[in-house]
Amino acid sequence: DAGVIQSPRHEVTEMGQEVTLRCKPISGHNSLFWYRQTMMRGLELLIYFNNNVPIDDSGMPEDRFSAKMPNASFSTLKIQPSEPRDSAVYFCASSSGGKDQPQHFGDGTRLSIL
Amino acid sequence: QKEVEQDPGPLSVPEGAIVSLNCTYSNSAFQYFMWYRQYSRKGPELLMYTYSSGNKEDGRFTAQVDKSSKYISLFIRDSQPSDSATYLCAMKAGGSEKLVFGKGTKLTVNP
């Protein structure tokens, strides 16, 4: 079975550029989560969607970050403009919904902002 | 105080040792408790999932939850070099899909 697919796996770009991270959830899953992982702060939830609708975006650090889920099989996380402090590993996860369903993670996008 | 506290280690043990990993938490609303394993440059992989207090065993792995002490543990018996990874505890309240993670404990099992 295909798991959560993220692209690109690595991204290196200069400060001020727009960055777009992509995620394809597991087929049939209706909840999608975006996380950021850093050494200092660990794994933090940024935003999550249920049935393509954003439910909680309280973890989004600032207005430079935005996320969309135009359909059940695709989501994007965009940073514009990017800053060096945005450098981190960004993970996408999906679940089949419901309070007792586990989340399954992709292998992440390693983002470096120079 | 952070919602979830986890000793980052690192923890280094010889092959065959019993490993104990722990997390404490402060939010009494947490009801679902998980352990994820994360290999280098990979995403977290669900290892154990328990609801409320008690023990759950799966092969060499045992998860324990003590809600009265707000303390959860993961035990690994007969540890193997392939168990070398970072172990993250995670938990969520009963009415929520939001997971709160510990920072992870880096484990190395030496052959």
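Predicted, not measured: the structure shown is a model, and the values here were computed from it. Within every chain, numbering begins at 1; the chains are lettered A, B, ... in the order of the sequence lines, protein sequences first and strands thereafter.
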Engineer: With a 4.5 angstrom heavy-atom cut-off, is it the side chain or the backbone of Leu45(A) that approaches chain B, or both, or neither?
Structural biologist: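 Answer is side chain: those atoms of Leu45(A) sit under 4.5 Å from chain B.
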
Engineer: In terms of heavy-atom pairs under 4.5 Å, which option from Arg41(A), His104(A), Arg110(A) contacts chain B the most?
Structural biologist: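 Most heavy-atom pairs within the cutoff with chain B belong to Arg110(A).
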
Engineer: Might you work through the side-chain contact (heavy atoms from CB on, under 4.5 Å) test for Val19(A) and Leu111(A), ending with a clear yes or no?
Structural biologist: CA-CA 9 Å; Val19(A) 173; Leu111(A) 177 63; 3.8 Å; yes

Engineer: Less than 4.5 Å to any heavy atom of chain A: does that hold for the side chain of Gln6(B), its backbone, both, or neither?
Structural biologist: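 Neither part, no heavy atoms under 4.5 Å.
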
Engineer: For the pair Ser94(A) (side chain) and Leu32(A) (backbone), establish whether a donor and an acceptor sit closer than 3.5 Å, ignoring hydrogens and angles.
Structural biologist: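 Such a contact is absent between Ser94(A) side chain and Leu32(A) backbone.
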
Engineer: For the residue pair Gln101(A) / Ser96(A), report whether a side-chain donor-acceptor contact shorter than 3.5 Å exists.
Structural biologist: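 Note: Ser96(A) and Gln101(A) side chains meet the donor-acceptor criterion.
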
Engineer: Please work out which of the three classes, parallel, tilted or perpendicular, describes the rings of Tyr32(B) and Tyr51(B), given edges at 30° and 60°.
Structural biologist: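 Tilted, since the angle between the ring planes falls between 30° and 60°.
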
Engineer: Check whether Thr109(A) gets within reach of chain B through its side chain, its backbone, both or neither, counting any heavy atom under 4.5 Å.
Structural biologist: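 Neither part; nothing is under 4.5 Å.
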
Engineer: Any chance you could lay out the side-chain hydrogen bond (donor to acceptor under 3.5 Å, both in side chains) test for Asp66(B) and Ser53(B), step after step, and finish with the verdict?
Structural biologist: CA-CA 5 Å; Asp66(B) 181 349; Ser53(B) 285; 5.3 Å; no

Engineer: By a 4.5 Å heavy-atom criterion (distance strictly below it), what part of Tyr36(B) contacts chain A: side chain, backbone, both, or neither?
Structural biologist: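 Looking at Tyr36(B), just its side chain touches chain A.
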
Engineer: Please rank Lys98(B), Met34(B), Glu45(B) by heavy-atom pairs under 4.5 Å with chain A and give me the top one.
Structural biologist: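 If we count pairs closer than 4.5 Å to chain A, Lys98(B) comes out on top.
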
Engineer: Check the angle between the aromatic planes of Tyr25(B) and Phe33(B) and answer parallel, tilted or perpendicular using the 30° and 60° thresholds.
Structural biologist: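 Plane angle between 30° and 60°, so tilted.
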
Engineer: Below 4.5 Å, heavy-atom pairs only: which of Arg9(A), Gln6(A), Gln103(A) has the largest tally toward chain B?
Structural biologist: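 If we count pairs closer than 4.5 Å to chain B, Gln103(A) comes out on top.
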
